[in-house]
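This report refers to the structure that appears directly beneath it.
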Amino acid sequence: MAEAKRRVIIITDGDYVAQKAVEHVAREVGGRCITLSAGNPTALSGKQMVALIKMAANDPVLIMCDDNGNYGRGRGEQAIEYVLKHPDIEVIGAIAVASNTRWVHGARVRYSIDQAGQIVEEAVDKEGHSDKKLQHRIYGDTVDIINRYHIPNVIGIGDIGKMEGRDRLLDGCPVTLKAVQWILQRSERHDRGEEDGLQAKGTAHRFPS
């Protein structure tokens, strides 16, 4: 019998603050974070990343991919592409992280989570503010590849672990946690064959003032 595919969530950020946030969130949802995938830019190759994903104890497996502002298709995007194409991996969603990079096409998103933890039908900027002028595009240095592949459950978010103090590790990284939970909920609904009934202004969550 063939082994079940590993369920992976891609996060397009990898600095130290993001790493600590993603590690925390992975524990909160009962998954695993590939800590070695963090870095500016991503240090691991796609092949190395897949090997570590397969070794992880639990799903979902959260991986971080970062181009460190480099123009073009950097190490982070190359790793994402390898993971997406691997037959043993099921990418169940992606968190497109805004860094206000302006020389990129940007990743088109239907939903984002703003710094207050609200799911909005707009894109957000680095600080997690929603803005209709962004025209549903998250601008970051590692997000362009998202447009080239059919990745389910893509959601935009501001700078992980930051967002003017609204996603601090001290407070449990509530915005990042909400983004991961949103992906997991939608993936589970899809597995049950249910239609997408999650509304844009969805579930309430208590956030720090």
Side-chain angles (χ1 to χ4, degrees), residues 2-14 18 22 25-26 28-34 37 42 46 49-50 52-54 56 58-66 73 76-98 104-114 117-124 130 134-140 142-158 160 175-203:
E3 294 185 9
K5 292 185 177 184
R6 302 306 304 267
R7 295 164 64 85
V8 170
I9 295 174
I10 294 170
I11 299 166
T12 66
D13 196 5
V22 174
V25 168
E28 287 293 301
V29 300
R32 289 292 186 271
C33 166
I34 303 300
S37 67
T42 297
M49 207 170 285
V50 167
L52 291 171
I53 290 169
K54 290 184 175 183
N58 299 322
D59 290 353
V61 183
L62 279 55
I63 64 171
M64 294 165 279
C65 300
D66 196 319
R73 187 169 164 271
E77 289 199 356
Q78 291 174 40
I80 290 173
E81 189 170 43
Y82 187 93
V83 171
L84 284 169
K85 291 181 175 181
H86 200 281
D88 297 335
I89 304 297
E90 178 188 2
V91 174
I92 63 171
I95 298 175
V97 181
V104 297
H105 296 294
R108 187 162 181 80
V109 296
R110 183 177 177 187
Y111 298 118
S112 298
I113 298 184
D114 66 17
Q118 294 295 312
I119 301 175
V120 297
E121 292 186 272
E122 298 167 10
V124 294
S130 61
L134 295 172
Q135 298 182 325
H136 291 276
R137 287 192 177 274
I138 295 291
Y139 291 95
T142 322
V143 302
D144 279 2
I145 194 167
I146 290 174
N147 296 323
R148 297 199 289 271
Y149 291 90
H150 178 67
I151 303 176
N153 309 319
V154 176
I155 190 161
I157 196 173
I160 288 179
V175 184
T176 303
L177 176 60
K178 180 74 172 287
V180 171
Q181 290 173 332
W182 182 89
I183 289 171
L184 293 174
Q185 289 166 4
R186 287 173 65 97
S187 178
E188 289 166 3
R189 290 177 65 91
H190 180 269
D191 289 346
R192 293 195 300 265
E194 298 178 12
E195 294 182 3
D196 178 11
L198 299 181
Q199 298 299 314
K201 298 296 181 183
T203 54

With sequence neighbours excluded, residues passing side chain to side chain contact (heavy atoms under 4.5 Å, CB included) with A18: D13, D15, I160

Please lay out, stage by stage, how K178 and I119 fare under the test side-chain contact (heavy atoms from CB on, under 4.5 Å). CA-CA 9 Å; K178 180 74 172 287; I119 301 175; 4.1 Å; yes

Is there a side-chain contact between V8 and I63 in this structure, where contact means two heavy atoms from C-beta onward sitting under 4.5 Å apart? yes

Quick one: CG on N153 to CZ on R189, what's the gap to the nearest 0.5 Å? 11.0 Å

As an exercise, state the distance from CG of D66 to OG1 of T42, rounded to the nearest 0.5 Å. 5.5 Å

Looking at NE2 of H86 and NZ of K5, how far apart are the two atoms once the value is rounded to the nearest 0.5 Å? 10.5 Å

By side chain to side chain contact (heavy atoms under 4.5 Å, CB included) - contacts of D59 (at least two apart): R6, R7, V61

Is there a side-chain contact between I155 and V109 (heavy atoms, below 4.5 Å)? no

Which residues pass the side chain to side chain donor-acceptor pair (under 3.5 Å) test with S37, sequence neighbours left out? none

For R137 versus R108, what's the shortest heavy-atom pair and its separation? NH1-N, 4.0 Å

I need the minimum non-hydrogen distance between C33 and M64, along with the two atoms involved. SG-CE, 3.5 Å

Output, in order, the C-alpha distance, side-chain angles, deciding distance and verdict of side-chain contact (heavy atoms from CB on, under 4.5 Å) for I92 and L184. CA-CA 8 Å; I92 63 171; L184 293 174; 3.8 Å; yes

Straight-line distance of L84 CG to E90 CD, nearest 0.5 Å: 12.0 Å

Where do E77 and I145 come nearest, in terms of heavy atoms and distance? O-CD1, 3.1 Å

Taking atom CD1 of I80 and atom CE of M49, what is their separation to the nearest 0.5 Å? 8.0 Å

Identify the two heavy atoms, one from A123 and one from S112, that lie closest to each other, and give their separation to 0.1 Å. CA-OG, 3.4 Å

Report the C-alpha separation of V29 and L177 in whole Å, then their side-chain angles, then the decisive distance to 0.1 Å, and conclude whether the side-chain contact (heavy atoms from CB on, under 4.5 Å) test is met. CA-CA 8 Å; V29 300; L177 176 60; 3.8 Å; yes

For K85, which residues count as a side chain to side chain contact (heavy atoms under 4.5 Å, CB included) partner, sequence neighbours excluded? E81, Y149

For N147, check side chain to side chain donor-acceptor pair (under 3.5 Å) against everything at least two apart and list the hits. none

Side chain to side chain contact (heavy atoms under 4.5 Å, CB included) partners of N58, counting only residues at least two apart: R32

Show your working on side-chain contact (heavy atoms from CB on, under 4.5 Å) between H190 and R186 and close with a plain yes or no. CA-CA 6 Å; H190 180 269; R186 287 173 65 97; over 6 Å; no

Here the gap from T142 atom OG1 to I10 atom CD1, rounded to the nearest 0.5 Å, amounts to 11.5 Å

Non-hydrogen atoms of I146 and A94 that approach each other most closely: CD1-CB, 4.4 Å

For I151 and G93, which heavy atoms make the closest approach, and how far apart are they? CG2-C, 4.2 Å

Just one of I157, V143, I95, I138 clears the side-chain contact (heavy atoms from CB on, under 4.5 Å) bar with T12, so which one? V143

